[in-house]
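Numbers here simply count residues along the sequence, with the first being 1. Each ligand, and each atom within it, is numbered from 1 in the order the structure gives.
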Amino acid sequence: MVNTILAPSILAYDNCDLLTAVKIIENSGAQWIHVDVMDGHFVDNVSFGPKLVADLRRHSDLFLDVHLMLDRPDRHIVPFVQAGADALTIHREVTCDVGGLLGAIRDHGCLCGLAFNPETALDFELVRLADVVLLMGVHPGFCGQNFIAETWHKILQLHNFRNGNKLSHKISVDGGVREDIAKNLICAGVDIIISGSAFFSNPSAFKFCLN
Ligand code: DX5
Ligand code: ZN
């Protein structure tokens, strides 16, 4: 019995048919819906806003895991909280007061997440402030990329830090997670498996995450 959370990323599905994506996620037994928010500055892509989160909230009771790939997340926390997000993840690479923002997200009643791009070293002082630490397995911006192998080292580092310091943050991995990689992530102690393209190409293949 593992306590893994599966969080399919709806960006990977047909964006004109997201209600079907929600139904597929619900039928799969996954507990979270991962929502990728991109501003065209922090990453070279533009995606969803608070309106989509509010609409998802009306259509589903699943936990809404909102990943903010934004240069200025500080400007957008409140609209996403009001839309019904359950977790808000911001990136270590932004120039805002990341520690202060993590606290503000938690004060709003959401889980606060801290994400690291593949080339960004772990910042352990900030890790201590987060409920969820998200390690990118790809350079953020687009679905369907290949998992970057160096991520394994960072997972091990983070896992050792958590255990060594008796911390309780969840470890999440996002980007390029195919079924075989998901199996190894669970073995490596990852708590939250985020998958877009691979999940929607065969949702039942990810059932093992939930057993
Ligand atoms: C990448 C996003 C990921 C991505 C996952 O910038 O944060 O959530 O959409 O999709 P796959 O699993 O296809 O890499
Ligand atoms: Zn994401």
With a 4.5 Å cut-off on side-chain heavy-atom distances among I, L, V, M, F, W and Y, is there a chain of contacts connecting Leu52 to Leu11?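 They do share one cluster, since a chain of ILVMFWY contacts under 4.5 Å joins Leu52 to Leu11.
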For [X], atoms of ligand 1 separated by under 4.0 Å from a heavy atom:
{"X": "Ser195", "value": "12 (O)"}
{"X": "His67", "value": "7 (O)"}
{"X": "His34", "value": "8 (O)"}
{"X": "Pro140", "value": "6 (O)"}
{"X": "Ser197", "value": "11 (P), 12 (O), 13 (O)"}
{"X": "Met69", "value": "6 (O), 7 (O)"}
{"X": "Met38", "value": "6 (O)"}
{"X": "Gly144", "value": "11 (P), 13 (O), 14 (O)"}

Side-chain heavy-atom pair [X], [Y] within 4.5 angstrom cut-off:
{"X": "Pro73", "Y": "Val94", "answer": "yes"}
{"X": "His67", "Y": "Asp174", "answer": "yes"}
{"X": "Val127", "Y": "Phe161", "answer": "yes"}
{"X": "Met38", "Y": "Asp44", "answer": "no"}
{"X": "Phe42", "Y": "Arg72", "answer": "no"}
{"X": "Leu129", "Y": "Leu114", "answer": "no"}

Without hydrogens or angle criteria, can the side chains of [X] and [Y] be said to hold a donor-acceptor pair below 3.5 Å?
{"X": "Asn165", "Y": "Arg128", "result": "yes"}
{"X": "Ser47", "Y": "Asp36", "result": "no"}
{"X": "Thr20", "Y": "Asp17", "result": "yes"}

Looking only at N, O or S atoms in [X], which is nearest to the Zn ion (ligand 2)?
{"X": "Asp36", "value": "OD1"}
{"X": "Asp174", "value": "OD2"}
{"X": "His67", "value": "ND1"}

Can you tell me if [X] contacts ligand 1 (heavy atom of the residue under 4.0 Å from the ligand)?
{"X": "His139", "answer": "no"}
{"X": "Gly175", "answer": "yes"}
{"X": "Arg178", "answer": "no"}
{"X": "Ala198", "answer": "no"}

Atom 8 (O) of ligand 1: which of Asp174, Val43, Val177 has the nearest heavy atom?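 Of the listed residues, Asp174 has the closest heavy atom.
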Protein heavy-atom partner closest to [atom] - residue, atom, separation in Å:
{"atom": "atom 12 (O) of ligand 1", "answer": "Gly196 N, 2.8 Å"}
{"atom": "atom 6 (O) of ligand 1", "answer": "Gly141 N, 2.7 Å"}
{"atom": "atom 14 (O) of ligand 1", "answer": "Gly176 N, 2.8 Å"}

Part of Cys143 with heavy atoms under 4.0 Å of ligand 1, whether side chain, backbone, both or neither: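 It is both backbone and side chain that touch ligand 1.
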Run the side-chain hydrogen bond (donor to acceptor under 3.5 Å, both in side chains) check on Asp131 and His169 step by step: do they pass? CA-CA 5 Å; Asp131 298 315; His169 58 255; over 6 Å; no
Spell out, as yes or no, whether a donor-acceptor pair under 3.5 Å connects the side chain of Gln31 to the backbone of Leu6.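 Checked: pair present.
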